[in-house]
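The structure under discussion appears below in the form of structure tokens.
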Amino acid sequence: MPAISIRTIQRLVERAWRLGFDPDGAQQLRHSLVGSRKHIGAGEVYALFHSLGVKVLVSDFVRCPHRMIDYFEDYFTRCQSSANRLPLYLQYQGHSICVTGLRRLNAGRIIVAIDPARRGIRPKGSRRKLRGIVAFREDLIDPIRSFQVVQVEGPFTADDDIEEYKMFKSQRYC
């Protein structure tokens with residue numbers, strides 16, 4: 001399956017805005033995203049997924065990275081295998097990565113993520129780095145930064161009132 005292009009994502013976000021999702025975000029970006037270098041943030045992802053009938057939860061972590069790591073650990077350990085979990089979309093300072101897991105080691109907790117802007121890690125026994133695969137140690141995360149995490153919850157059901165999901169909402173931690 002080919003990757004979706006940034007321009008296609010931009011078009012889908014603009015479509016979501018025309019359907020009435022995240023009107024405040026649309027106004028902030030002047031209803032124009034296609035062909036621009038404007039960042040696609042958590043609000044745009046919220047509007048995009050909701051317009052496609054998929055519920056997401058946005059969580060804000062303001063200057064409390066350890067609480068965010070607790071959130072990741074809870075999310076990835078709720079079921080027996082983290083392979084059954086969708087990645088989390090992590091947004092900070094105009095940069096986005098997909099968090100795919102969390103590992104607990106003697107040295108602390110390690111976030112495993114896909115970051116297309118990074119060179120990646122070298123697996124044991126390999127001569128090449130895997131582009132975009134990165135690992136972050138918990139103690140190296142800047143405690144001053146604020147982060148937004150988007151979690152896919154699943155499709156809307158017949159009981160859901162889609163109008164309730166048109167305004168951007170997030171849960172704030174810290």
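- The cluster map of Ile, Leu, Val, Met, Phe, Trp and Tyr, joined by side-chain heavy atoms under 4.5 Å apart, puts I162 and M167 in different clusters.
- Put simply, L88 and V62 are part of two different groups of oily side chains (I, L, V, M, F, W, Y) that touch within less than 4.5 Å, one to the next.
- Every residue meeting the side chain to side chain donor-acceptor pair (under 3.5 Å) condition with R145, not counting sequence neighbours, appears here in chain and number order: Q93.
- Y92 meets the ring-ring contact (aromatic ring centres under 6.0 Å, His included) test with H95, F147; sequence neighbours excluded.
- What you find for V150 and A42 is that their closest heavy atoms are CG2-CB, 3.8 Å.
- Applying the disulfide (SG to SG under 2.5 Å) test to residues at least two apart or on different chains, the pairs with a partner in residues 8-68 are C64-C174.
- Atom CG of D22 is separated from atom CG of L48 by 11.5 Å, given to the nearest 0.5 angstrom.
- Between I40 and V45, some side-chain heavy-atom pair lies under the 4.5 Å cut-off.
- At a threshold of 4.5 Å between side-chain heavy atoms, the hydrophobic network of Ile, Leu, Val, Met, Phe, Trp and Tyr places L102 and I110 in two separate groups.
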Side chains of residues 6-16: which donor-acceptor pairs under 3.5 Å do they make with residues two or more places apart or in other chains?
residue : atom : partner : partner atom : Å
T8      : OG1  : S5      : OG           : 2.8
Q10     : OE1  : G35     : N            : 3.0
Q10     : NE2  : L33     : O            : 3.1
Q10     : NE2  : S36     : O            : 3.1
E14     : OE2  : L33     : N            : 2.5
E14     : OE2  : V34     : N            : 2.8

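- Evaluation of the side chain to side chain donor-acceptor pair (under 3.5 Å) test over residues 23-32, restricted to residues two or more places apart or in two chains, returns none.
- With contacts defined as side-chain heavy-atom distances shorter than 4.5 Å, the pair V99/F76 qualifies.
- Under the 4.5 Å side-chain heavy-atom criterion for grouping Ile, Leu, Val, Met, Phe, Trp and Tyr, L90 is not connected to I144 through any hydrophobic cluster.
- Pairs engaging residues 162-174 under the side chain to side chain donor-acceptor pair (under 3.5 Å) rule: D60-S170, E163-K166, Q171-Y173 [sequence neighbours left out].
- Evaluation of the side chain to side chain donor-acceptor pair (under 3.5 Å) test over residues 43-58, restricted to residues two or more places apart or in two chains, returns K55-D160.
- Between M68 and V149 there is a side-chain heavy-atom pair separated by less than 4.5 Å.
- Applying the disulfide (SG to SG under 2.5 Å) test to pairs two or more places apart or on separate chains, none has a residue in residues 18-62.
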Going through the distances and angles, do Y71 and Q151 end up as a side chain to side chain donor-acceptor pair (under 3.5 Å)? CA-CA 11 Å; Y71 179 92; Q151 173 187 328; 2.6 Å; yes

Evaluate side chain to side chain contact (heavy atoms under 4.5 Å, CB included) for I114 paired with I97, printing each intermediate quantity in order. CA-CA 6 Å; I114 299 170; I97 63 174; over 6 Å; no

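- Between I141 and I69, some side-chain heavy-atom pair lies under the 4.5 Å cut-off.
- For V54, the side-chain contact (heavy atoms from CB on, under 4.5 Å) partners are F49, V152, not counting sequence neighbours.
- Taking hydrophobic clusters as Ile, Leu, Val, Met, Phe, Trp and Tyr residues chained together by side-chain heavy-atom distances below 4.5 Å, F72 shares a cluster with L86.
- Evaluation of the disulfide (SG to SG under 2.5 Å) rule for C98 yields no partner, not counting sequence neighbours.
- Between the side chain of S96 and the main chain of Q91, no donor-acceptor pair closer than 3.5 Å is present.
- Counting only residues at least two apart or on different chains, the side chain to side chain donor-acceptor pair (under 3.5 Å) pairs with a member in residues 104-113 are D70-R109, E73-R104, E73-R109, R109-E138.
- With rounding to the nearest 0.5 angstrom, the CD atom of Q148 is 9.0 Å from the OH atom of Y89.
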